[in-house]
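Following: one structure in structure tokens, then a few remarks.
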Amino acid sequence: MIEKLDITLIVNGRERHARVEPRRLLADVLRHELGLKGTHIGCEHGVCGACTVLLDGRSARSCLHFAVAVDGAEITTVEGLGGGDELTPIQQAFHRNHALQCGYCTPGMLVTVQEFLAREPDPDDAAIRRALSNNICRCTGYANIVAAVREAARALREAGT
Amino acid sequence: MNEFVGRALLRREDAHLLRGEARFIDDVPEPDGTLHLGFVLSPHAHARILEVDTAAAAALPGIQAVLTGADIAAHVQPIVAEVEIEGYRRHGRDVVARDLVRFVGEAVAVVVAEDPYVAQDAIELVEVSYEPLAASIDMEATTAADAPRVHEAVPGNLVFEGRFATEGFDEAFAAAPHVLKERFKSGRVGGVPLEPRGCLAVPEPGGALTFYTSTQIPHMLRTAVAKYIGCPESRLRVVVPEVGGGFGTKAQIYPEEFVTAALARHFRRPVKWIQDRREELITDIHSRDHIYEVEVAFDGEGLVQALRSRVRTNAGAYSTLPFGCTLETTGGARMIVGPYRITNYAYVAQAVVTHTGPVGAYRGVAQPSCYMAIEGMMDRIARHLDIDPAEVRLRNMVPTAELPWTNVVGVRYDTGSYQESLRAAMEAIDYEGFRAGQPADRLVDGKYRGIGICSFTEVSGTGAPGWRARGLVRLPGFDTGLVRVEPSGEVTAFVSHAHAGQGHYTTFAQVVADALGVDFADVTIIEGDTAAVPYGTGTFASRSAVTGGGALIRAATKVRDKMRRIAAHILEAAVEDVVFEAGRAHVAGVEGHGVDMRRIAETAYAMNELTLPEGEDFGLEETDFYDPPLVTMANASHIARVAVDAEDGRVEIEAYAVVHDCGRLINPMIVDGQIHGGVAQGIGEALMEEFVYDDEGQIQNATLLDYLLPTAEDIPDITLGHIESPTIDAVGGFKGVGEGGVIGAVPAVLNAVGDALSGLGIEIATKPLRPSLLAGEIRKVRDGSAS
Ligand code: FES
Ligand code: FES
């Protein structure tokens, strides 16, 4: 039997504890130990972006990190993006622009966009497409995701002023 | 009444997906004691299994069992695709190989573990000895006399051959003044949904089984699983969780599904299997590995006089369930005539088996490839005669005034807009303006710039006669709707479909609301659970709007008729005089004399002081079935404008226009989304996607790093227009739209590149057009002309 280690993660603002094998991926710990199934797995080799979370404020692929290696880190998953019953401005923009079909890529997209718009509040389309280019969506053809990000940026700017 | 159909209503399914609350297959709660499966896959394309040593794996703590093909055979019968068409040779498949492996990735053993990580460990410990055998990988060489045989039952590796010729074909062909010939090679791709597959089988009290699986076809899957694992169909419930993209990849019934269900019954414990990406890429169905040799005979005006095709499709190692391995072959041969008035046609269509992965029905089936061929020929005719390619198409198309029209293989085109859609797409992308400014060498600002068209018909909503015509004798065509008005007056509607992102909860509710004359908000849609929903065919081949929409309209109409009889009884009026408006029934012309839906419903459920009309049954629910005609034919034109970099061969799509006609639109926003997504897949297929096998049958690119999917930077903005020519052959006026995007994009992009490079004399007859390929071709021409 492989020895398990105790780790602590601050997930969506709450301190969480888990006892895990050193080889256990962060994505699996979030999903299966902590029950946060919103983080999806599409490739487990760092390409698709479905597993994207914020790790100490920066977007990261939870399939490429061992949970024990990020012991003590602060993590935000899709479940932690929203403000309770209301959808966030980014989520609302995705809804209004039909920026999701099957929705499997959506949590990773939302996390990516959240970080991107915090950094670049007024991006042009080329910058939006570049920012999305590490997240694969097989359903939408991206056009509506780009439109959603454009709209969300505007909404966030207006809310900020 | 038409209040909700046609409106871009926002989707009901979004909120829980956006919050991360949706439950996909790997999110379905695992009951305590769930066992996890892992499959040991063959590293050889063709080999004899000499021994499977399970001892080391079985000794691992946390391992419940390690099972070989022979062990599994005790629980699952060999599967056989039920294709009955002249020229087809049946062959079976052990769901876990026993004696021979026939492709890299075929399962040879199964590990059953307490934990998925332990299952992975155990896979490494299973020792399989093989005697490697020579393999047939190349789809042309596989029918050579000395090629290694894939199946005893398939001599010469030719698993299907069909022939067709119209009367007087040879004379018509010989009489034409011009003939052009080309060989088109279409690369092998897959649906590659972002969510891999998986399933969870949970034994229930009394020997029943609940089977969660990521499928597009819950009912057909249930029938097949019950049959091959020997479980009474009535004790098997198939439940479809959220599905993270299907595209036909999940409209198949796979070996792992039989094994998972069978082992849950055997161990009397929940059993789960989740696929990883490598397994997805090497074992899920592939498609489009085709060759088209086409000869077209035409007159001086560019009118096609006769068309001859030899279609060969790679059927992989095994025929799959439920479509067999001939769907692409018959599809490619039969659909190639598209929107054109081609009356003299002959084909030879062959499917060949090879030691490569199985093939199946990826979005578009054969259409992207066969239109690559015919649309490529339209451009060649144009270049040969120096007529504009758009003009050649317009001349050959069946004009709207001549519809309905039956094509050369007997498929009826009831309504459509072939010329209109092309003209509208030309307008949308300023085709004439671009052509006017285009130099003969196509070189503008250092890049080769071209424009390419694909005009096509899109087979949708296939009914039973359509499947029979293609040899699928046990594939139903109908779907089913059950519409129930609850005592509260709200509506629950059940439909035999299963979505994977298409927005059924929204669109079907729009259809039902209008058919019943109630508010959209009052209609709830339920699908994807065989215990709740009546039997039907499922969601693939652009069928849900046609078959599901049709079935729901028919069922709702019956319910409405009953409500009208009850209302007439309450109002003491004649049934014909009762009209429905805004959730209320009243006597025509006397709005004050009416009764609301809720009171009608309470009456039907005997919950008030009123009585039902003499002879009327309690309740307010009706079921109806809808089997559409042969097919329902949608159409579209796509036009792409591209720039090809002369140095590195990269293709950039600078503009893209689509004008689509899928009849009556249910929800334009969702239709547009289907087209956007399809176009993106088509661009991927045209420019980057391909499974590459080496001579030994190893897939060279079984990761998403190497099998390239298009990203947001690869896909242009798309200008979209609609024409609505409602079908007159199917209930509701709807035609399918799910596949049109990918169908049109592949040929349009290839033709645009062909146009861009036409000044160099480079003909495009292959896909994908990787930069290295194009750069090499351009260099060859330039070096040649320099010397
Ligand atoms: S699952 Fe992590 S990048 Fe694909
Ligand atoms: S919506 Fe399906 S992968 Fe993006």
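Residue numbers start from 1 in every chain, and the chains themselves are labelled A, B, ... in the order their sequence lines are given, proteins ahead of strands.
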Cut-off 4.5 Å, heavy atoms of chain B, and the answer for A:Glu79 is both
Chain A contact via B:Val243 - which portion, at a heavy-atom distance below 4.5 Å | backbone
Identified side chain to side chain donor-acceptor pair (under 3.5 Å) counterpart of B:Arg197 within the set B:Asp284, B:Thr215, B:Thr213 = B:Asp284
Please flag which part of B:Asn667 lies under 4.5 Å from any non-hydrogen atom of chain A: side chain, backbone, both or neither.
-> neither
Give the ring-plane orientation class for A:His40 versus A:Tyr104, where under 30° counts as parallel, over 60° as perpendicular and anything between as tilted.
-> parallel
A:Leu110 versus chain B, the contacting section by heavy-atom distance below 4.5 Å = side chain
Start with the C-alpha gap between B:Lys250 and B:Glu195, add the side-chain angles, then the distance that decides, and say whether salt bridge (charged side-chain N to carboxylate O under 4.0 Å, His left out) holds.
-> CA-CA 10 Å; B:Lys250 294 173 183 168; B:Glu195 179 207 33; 2.9 Å; yes
Bottom line for B:Arg278: the part with an atom under 4.5 Å from chain A's heavy atoms is neither
Which atoms of B:Asp115 approach chain A - backbone, side chain, both or neither, heavy atom under 4.5 Å | side chain
Once you round to the nearest 0.5 Å, how far does CD of B:Glu30 lie from OH of B:Tyr212?
-> 12.0 Å
Axial cation check for A:Phe66 ring with A:Arg24, 6.0 Å and 45° limits = no
Residue part contacting chain A, namely of B:Leu704, when any heavy atom lies under 4.5 Å | both
What part of B:Asp714 gets closer than 4.5 Å to chain A, counting heavy atoms only: side chain, backbone, both or neither?
-> neither
Considering only heavy atoms, which portion of B:Glu21 lies under 4.5 Å from any heavy atom of chain A: side chain, backbone, both, or neither?
-> neither
Give a yes-or-no answer on whether the side chains of B:Arg363 and B:Gln681 include a donor-acceptor pair shorter than 3.5 Å.
-> yes
Heaviest contributor of heavy-atom pairs below 4.5 Å to chain B, chosen from A:Gly38, A:Gly42, A:Gly103, is A:Gly42
Any chance the side chains of B:His286 and B:Tyr362 put a donor and an acceptor closer than 3.5 Å?
-> no
Portion of A:Thr106 that has a non-hydrogen atom of chain B nearer than 4.5 angstrom = side chain
